[in-house]
Amino acid sequence: MVLKERTEIDRPAAHVWHFVVTPELFLQWNDKVVDMEARGAFQLGQHFHTRYEMSRKQLQCWSQVTRLEEGHLLELQHGNCSGKGVHGDIKVIERITLEEKGGHTIVIKEVHMTDHGIPWFFIPLIWFINRFGKPVGK
């Protein structure tokens, strides 16, 4: 399953990048992340625990920075997740890409999930809610 969000921000990519690559600031805009062990700035290969809250359920995952392209791309891989009702084999790749166009930054966030244990008939509903259930703004 792939979930994708696109947001346009009226700031240059260099300004936005700081909010993507700094764990303490990452928590401020990523509304599903409750806590991260990471501090300072993400580093390629870095391992840490991430705690999420989704649908009023909390889960904790072991996370790693798997790709880091300065000013452009951050990719985190999450696995070994635990929590009530969580399928233990779930694997998640979270990719945040920045593109600058005329002083504006287009932020694309993709979440790829495998081995999630979600029944196949719920997947179209999840996609629909993610796509149309909330406004994507500037």
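From a predicted model like this one, the values you see are computed outputs, not experimental measurements.
Counting all heavy atoms, side chain and backbone alike, A14 lies closest to E100 at N-OE1, 4.4 Å. Smallest separation of non-hydrogen atoms from T22 and G40: CG2-O, 3.4 Å. Residues P23 and A38 come closest through the heavy atom pair CB-O, 3.3 Å.
In this structure, NZ in K109 is found 12.0 Å from OG1 in T97, a value given to the nearest 0.5 Å. The CZ atom of F42 sits 9.5 Å away from atom CG of L68, with the distance rounded to the nearest 0.5 Å. Between R95 atom CZ and I108 atom CD1 the span is 11.0 Å, to the nearest 0.5 Å. Separating the CD atom in Q46 from the OG1 atom in T66 is a distance of 12.0 Å, to the nearest 0.5 Å. Taken from CZ in R11 to NE2 in H104, the straight-line distance is 10.5 Å, to the nearest 0.5 Å. Rounded to the nearest 0.5 angstrom, W17 CH2 and I96 CD1 are separated by 8.5 Å.
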Next on the checklist: Applying side chain to side chain contact (heavy atoms under 4.5 Å, CB included) to L98 and I106, what does each step give before you reach the verdict?
Outcome noted: CA-CA 6 Å; L98 304 183; I106 297 169; over 6 Å; no

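When hydrophobic clusters are built by joining Ile, Leu, Val, Met, Phe, Trp and Tyr residues whose side-chain heavy atoms come closer than 4.5 Å, directly or via intermediates, L73 is not grouped with I9. Transitive grouping of hydrophobic side chains (ILVMFWY, heavy atoms separated by less than 4.5 Å) brings F19 and F48 into a common cluster. Criterion: ILVMFWY side-chain heavy atoms under 4.5 Å apart, direct or through other members. Under it, V34 and F26 are not part of a common hydrophobic cluster. Linking ILVMFWY residues whenever their side-chain heavy atoms come closer than 4.5 Å, directly or via other members, leaves I93 and V33 in distinct clusters. Put simply, L76 and L25 are part of the same group of oily side chains (I, L, V, M, F, W, Y) that touch within less than 4.5 Å, one to the next.
With a 4.5 Å cut-off on side-chain heavy atoms, V65 and Q43 do not count as touching.
The aromatic rings of W62 and H49 lie perpendicular to each other, with more than 60° between the two planes, well past the 30° mark.
Checked options H78, H112, Q77; the residue passing with E94 is H78 (criterion: side chain to side chain donor-acceptor pair (under 3.5 Å)).
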